[in-house]
Amino acid sequence: MENMSRKERERAARKELIIDAAEQVISEQGFENATMDEIAERAEVGKGTLYLYFKNKAAIYLAICERGSRSLNQQMSKVLALDITGLEMVEKIGGTYLNFIRSSPLYFHAFNYYESLLDDNILTDQIMAKKCEENAGEAMAYITRAIQIGMQDGSIDDSYNPKELGVIIWGASKGIIHMAFLKQKGSQFSFLDEVNISLESMVQNFIQLLGSGMGVNDR
């Protein structure tokens, strides 16, 4: 923001305030029940001003997705700077992702919403969608790089394809969180009621399985 004019800085700051307000409203009421009127009121801007920044709720949700994925990437990038093995990096990145979602579930739902728009090919904000895609690619690059480091230092079995393994880790992580949310909201799957699980225990077990499955000493 250093190279921005005063007007540009003010516009950027107001946009962030609107996203802040939208996160609060959507967290409280859910995406479907939240309205543009409520978001404008919480942000203390006129409805007309709100529409100058975001033409609909979908555009706001994409902005939330972009903010969340950018914040997550910042946390994940720090792991690669640690003086630990590649296997430990992968485990720590997995824990970082899962703990991030546990503390900010709204972002997980925003990520899923963005992916649903991709499936339906109805993205309304191509610029913000591109940023979300770039952030997703950056996150996958961090995971893949940690795996490659592990293969180089001997902590991860190098018979794997690092990119394929990264996709497996990413997909499994999303699945764990999805199952935990189903359990939390009383899913129709009765078998979940028979299992005493929590996101915290699932995270711990997943990370342990992750390490034992990739480590060269266990194969």
Side-chain angles (χ1 to χ4, degrees), residues 1-4 9 12-13 15-16 19-20 22-23 61-115 118 125-158 160-178 180 199-200 202-216:
M1 296 181 62
E2 295 180 357
N3 297 325
M4 293 182 178
R9 288 195 301 271
K15 184 175 183 179
E16 291 301 310
I19 298 174
D20 289 342
E23 287 188 0
Y61 218 19
L62 282 178
I64 292 174
C65 173
E66 194 283 325
R67 173 191 276 187
S69 56
R70 175 163 35 90
S71 177
L72 176 59
N73 283 353
Q74 290 171 352
Q75 294 184 34
M76 292 172 64
S77 67
K78 295 177 181 179
V79 175
L80 295 180
L82 299 176
D83 186 19
I84 56 179
T85 67
L87 178 58
E88 290 170 327
M89 287 181 183
V90 173
E91 293 174 343
K92 197 166 186 63
I93 285 175
T96 297
Y97 170 68
L98 293 166
N99 288 324
F100 176 82
I101 296 303
R102 180 175 58 181
S103 63
S104 305
L106 172 65
Y107 291 134
F108 181 70
H109 298 311
F111 297 163
N112 285 341
Y113 179 77
Y114 160 68
E115 291 168 8
L118 287 177
D125 188 332
Q126 294 297 331
I127 295 177
M128 192 59 67
K130 184 177 180 181
K131 290 182 179 180
C132 290
E133 181 179 357
E134 290 172 350
N135 290 347
E138 183 179 330
M140 184 57 62
Y142 291 145
I143 298 172
T144 302
R145 181 55 186 153
I147 293 171
Q148 291 171 333
I149 291 173
M151 291 179 175
Q152 292 168 357
D153 65 28
S155 61
I156 295 178
D157 188 338
D158 63 5
Y160 293 108
N161 179 306
K163 290 185 178 180
E164 181 178 347
L165 187 54
V167 171
I168 291 172
I169 293 171
W170 173 76
S173 300
K174 285 179 63 65
I176 287 172
I177 296 171
H178 180 65
L199 182 54
E200 183 174 356
M202 292 177 76
V203 167
Q204 293 174 346
N205 289 331
F206 173 70
I207 291 176
Q208 290 177 3
L209 287 171
L210 193 64
S212 63
M214 293 190 302
V216 294

*Asks:* Test Ser173 against Trp170 for side chain to side chain contact (heavy atoms under 4.5 Å, CB included), laying out the working first.
*Replies:* CA-CA 5 Å; Ser173 300; Trp170 173 76; 5.9 Å; no
*Asks:* What pairs meet the side-chain hydrogen bond (donor to acceptor under 3.5 Å, both in side chains) rule with one or both residues in residues 80-93, with sequence neighbours excluded?
*Replies:*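 Only Thr85-Glu88 qualify under side-chain hydrogen bond (donor to acceptor under 3.5 Å, both in side chains).
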*Asks:* Please test Ile19 against Glu23 for side chain to side chain contact (heavy atoms under 4.5 Å, CB included), starting from the C-alpha separation and ending with a verdict.
*Replies:* CA-CA 6 Å; Ile19 298 174; Glu23 287 188 0; 4.1 Å; yes
*Asks:* Under 3.5 Å, side-chain donor or acceptor atoms of residues 139-151 against the rest of the protein: list the pairs with distances, not counting sequence neighbours.
*Replies:*
from: Tyr142; atom 1: OH; to: Glu138; atom 2: OE2; distance (Å): 2.6
from: Thr144; atom 1: OG1; to: Met140; atom 2: O; distance (Å): 2.9

*Asks:* Quick check: closest heavy atoms across Cys132 and Cys65, and the distance to 0.1 Å?
*Replies:*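 Heavy atoms only, the tightest pair is SG-SG, 3.4 Å.
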*Asks:* Quick one: pull up CG in Asn112 and OH in Tyr61 and give me the separation to the nearest 0.5 Å.
*Replies:*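 Reported value, rounded in 0.5 Å steps: 8.5 Å.
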*Asks:* I would like to know whether Phe111 and Ser69 meet side chain to side chain contact (heavy atoms under 4.5 Å, CB included); could you show each step before the answer?
*Replies:* CA-CA 8 Å; Phe111 297 163; Ser69 56; 3.9 Å; yes
*Asks:* Any donor-acceptor pair under 3.5 Å linking the side chain of Ser103 with the backbone of Phe100?
*Replies:*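 At least one qualifying donor-acceptor pair exists.
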*Asks:* Show me the pairs that pass salt bridge (charged side-chain N to carboxylate O under 4.0 Å, His left out) and involve residues 160-174, at least two apart or across chains.
*Replies:*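 For residues 160-174: Glu115-Lys174.
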*Asks:* Write down the atom of Arg102, the atom of Asn99, and the distance for their closest heavy-atom approach.
*Replies:*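 Heavy atoms of Arg102 and Asn99 come nearest at NH2-OD1, 2.7 Å.
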*Asks:* Is Arg67 reaching over with its side chain to a backbone N or O of Glu16, donor-acceptor style, under 3.5 angstrom?
*Replies:*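 Yes; at least one donor-acceptor contact below 3.5 Å.
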*Asks:* Can we say Asp20 and Lys15 salt-bridge, meaning some charged N sits less than 4.0 Å from an Asp/Glu carboxylate O?
*Replies:*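 No salt bridge links Asp20 with Lys15.
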*Asks:* Regarding Glu66 and Tyr114, is there a side-chain donor-to-acceptor distance under 3.5 Å anywhere?
*Replies:*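 Result is no, nothing qualifies.
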*Asks:* Within this structure, what is the CD1-CG distance for the pair Ile93 and Leu72, rounded to the nearest 0.5 Å?
*Replies:*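 Answer for the CD1-CG pair, Ile93 versus Leu72, is 9.5 Å.
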*Asks:* Quick check: does any side chain N or O of Asn73 sit under 3.5 Å from a backbone N or O of Asn135, one acting as donor and the other as acceptor?
*Replies:*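 Yes.
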